[in-house]
Amino acid sequence: MKKMKWFASTVLAGAMIATLVVTAGCSQKETLNLYSWADNFDPDVIKDFEKKYDVTVNYAVFANNEDLLAKLKAGGSKYDVIQPSDYMVATMIQQDLLEPLNKDNIPNWNNISSHFKNLPYDKDNKYSIVYTSGVTGIAYNKKYVKGEITSWSDLWKPEFKDKVLLLDDMREVIGMGLKKNGFSNSSTNENEIKKSVDDIKQLLPSVLAFDTDNIKQKLIAEEGWIGTVWSGDAAYIAAQNPDIAYVIPKEGSTIFSDNYAIPKGAKNKDLAEKFINFMLDPEVSAKNYESIGYSDPNEKAKPFHSPEYQANKMINLSNDEFARTEWLMDVGKTLQVYDRYWTEIKSGRE
Amino acid sequence: MKQKTNPLLSIHAYLVMAFIYLPVLMILIFSFNNSRINSTWEGFTFKWYGSLFQNRNVMDALMNSLTIAFTSTVIATVLGTVAALALRNAVRKSKTVLGMLYLPIVVPDIIMGLSLLLLFSQFHFPLGKWTIIIAHVTFSISYVYVIVASRISGMGKQLEEAAQDLGASPWQTFRYITLPAIWPGVLAGAIMAFTLSIDDFMISFFVAGPDSTTLPIYIYGLVKRGISPEINALCTIMIIVSVGLILIAQWLQNKGNRGKKASTLPF
């Protein structure tokens, strides 16, 4: 009869777990449903927030902006704070998926550096507040790359054959070509695009791989010598491999951001705003960004950051470098042209 | 009489095994790697196994996965077993009904996920743990049914009829005769359902809500930041546990079948 007891206890345990799930769902504590990139916050900071306001934070993760958009559009899931990238903020505003932010509840918004207020994708910060930002630059290994790298055209040097890494991203790659030739990274002029794409095709024999997810590993393991890398990733790579240097090319480059936003119909809008305000507190944000190693747009947080963090040029851009950056804009119907050329670029290689 | 096999054939067999198990072996090896980066080896360490249990995000995801797997397994096992018993006594087994029970096994996950999502949003059912549990029950029932039904078909009715002749009530017959006899099958089905639930990404991905980030969803989300070695450690533990569970399921399935032809799981 042992077996029967075992069976009974299994069923009982199952029933108990089931009730646990249900009761956890309707516990008295207020919950904040956060939907963001994986490991995008210092877990201790989230814990501090939970303690301070006596709430629970549900931290769900998405892998890319399109997943986030799909989830919001499917409805049914009640998220309070989401973290779309710059172009996705524009898309979401267009599709009426975001709740306007009440700035009275987010006084710490004023702490943000003027570089990151009123950005082109959300002109008056009506719907979004920047969380972190980065630029696309060139990372290279000083052991193999002799001489100084200053320009996108350095990637074309013949000695880097089979050692160049490019991001696997249509707008990044074509945008880089446009920048190299002195055009806007969001050009809608077909001649400009064609000229840049022809240029990129010249680069193809040198390209080791188009890769976004593993580009870090490839540079750290020195499979590739030089490549287009986001500044936050560059900081990570340099921490693992001290031979890595990073430069924002003189022709300028693309800047991007992740943001806080509140989706339409969020249940806990007040708590969501409290959360954003909490995260923008100078001390809190210093703790948070030190831990995750991203660039902190919070001007008032500077004194709380460690000297190492402040000295890191990949995390803190100079004003000169800022002046050279450009946001990616919606290119409307020209997107089809980009798509076509991107296919040509990728199939020319594979 | 021992049959001679072509040595090339066994080489081929080893190659196939290597092809299947090499990737798994890589994760296992790199879970002991001292470096944060998967591509370089920097010495042996156990530290990721320690820090794994300190990582709140991973632990939360693991808890979600386990809660969902346990709950959906219990529900699916009960329902699947009942279905198998009910259809056994059906006078004329309708091919359509049987076919429909197998259907969730062959329907692509992406279609299951999408259709469940449509259903839930149609009825304004809030997405979360319960929607994932329901989804997992939906496909697990079929597996439980297949396993339990194969057990029942090999059982025969004599024992139950004897019990009823001796005055046992239907409930007593079920409890003391039928259930113990099919028990290995039920348990095997339950273990199968549990492993499927823990593994599932595609369907969970569609119907997940704010409080229900399961381990596979979390790991998928990590691709942007880079998979941490703690995940390698966790995967290693999970592979070992899954393999153990599958082996137990196989063993239970074959137990009591000794002498007859050994029936293995149909997949």
Side-chain angles (χ1 to χ4, degrees), chain A residues 1 3-4 6-7 10-18 20-22 24-25 31-41 43-44 46-47 56 58-64 67 70-71 74-80 212-214 216-218 220-223 232-233 236-237 239-241 292, chain B residues 35-40 54-58 60-61 64 66-68 70-75 77-78 114 117-118 120-131 133 175-176 179-180 183 186-187 190 205-213 217-228:
Chain A
M1 253 9 359
K3 274 177 185 169
M4 292 309 298
W6 212 80
F7 178 70
T10 317
V11 172
L12 207 71
M16 272 162 59
I17 289 163
L20 225 130
V21 177
V22 184
T31 50
L32 177 83
N33 292 326
L34 174 63
Y35 198 32
S36 175
W37 309 86
D39 292 0
N40 215 21
F41 297 96
D44 286 344
I46 304 253
K47 223 180 280 168
T56 314
N58 282 328
Y59 181 1
V61 301
F62 55 81
N64 56 57
D67 285 358
K71 206 82 200 180
S77 40
K78 293 278 170 263
Y79 298 105
D80 299 311
T212 304
D213 297 331
N214 293 313
K216 287 179 273 190
Q217 272 85 335
K218 289 199 167 95
I220 294 166
E222 306 184 352
E223 280 175 52
D233 283 354
Y236 183 87
I237 297 167
Q240 306 284 332
N241 187 335
I292 59 168
Chain B
S35 157
R36 278 206 82 83
I37 299 299
N38 274 341
S39 50
T40 44
Q54 312 289 322
N55 187 329
R56 182 183 156 186
N57 293 340
V58 179
D60 278 356
N64 282 339
L66 288 177
T67 326
I68 288 164
F70 266 116
T71 319
S72 67
T73 300
V74 170
I75 301 173
T77 308
V78 172
L114 194 61
L117 176 61
L118 281 175
F120 290 136
S121 48
Q122 204 59 237
F123 288 102
H124 299 286
F125 201 95
L127 296 181
K129 283 202 189 77
W130 271 114
T131 47
I133 290 170
R175 222 202 113 163
Y176 296 113
L179 193 56
W183 185 241
V186 174
L187 214 54
F205 174 74
F206 275 99
V207 297
D211 65 340
S212 57
T213 301
I217 296 178
Y218 175 71
I219 293 175
Y220 176 62
L222 279 176
V223 290
K224 193 190 171 212
R225 275 209 75 135
I227 309 276
S228 70

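These figures come from a predicted structure and were not determined experimentally. Numbered from 1 within each chain, the chains take letters A, B, ... in sequence-line order.
Using modelled atom types, one side-chain atom of A/K71 and one backbone atom of B/F205 make a donor-acceptor pair closer than 3.5 Å.
Between A/A60 and B/P210, the closest heavy-atom pair is CB-O, 3.6 Å. In this structure, A/A74 and B/L117 approach most closely via the heavy-atom pair CB-CD2, 3.8 Å.
Interface remark: A/Y59 contributes backbone and side-chain atoms alike to the contact with chain B (heavy atom separation under 4.5 Å). For A/D80, no part lies under 4.5 angstrom from a heavy atom of chain B. In this structure, the portions of A/I292 lying under 4.5 Å from any heavy atom of chain B include both its backbone and its side chain. With a 4.5 Å cut-off on non-hydrogen atoms, B/L222 touches chain A through its backbone and its side chain both.
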Test log, rule side chain to side chain contact (heavy atoms under 4.5 Å, CB included), inputs A/D39 and B/Y218: CA-CA 9 Å; A/D39 292 0; B/Y218 175 71; 2.5 Å; yes
What's the verdict on side chain to side chain contact (heavy atoms under 4.5 Å, CB included) for B/Y220 and A/N64, showing C-alpha distance, side-chain angles and the deciding distance? CA-CA 10 Å; B/Y220 176 62; A/N64 56 57; 4.1 Å; yes
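If you take CD1 on A/I46 and CG on B/N57, they are separated by 8.0 Å, rounding to the nearest 0.5 Å. To the nearest 0.5 Å, atoms CG (A/N58) and CG (B/N64) are separated by 8.0 Å.
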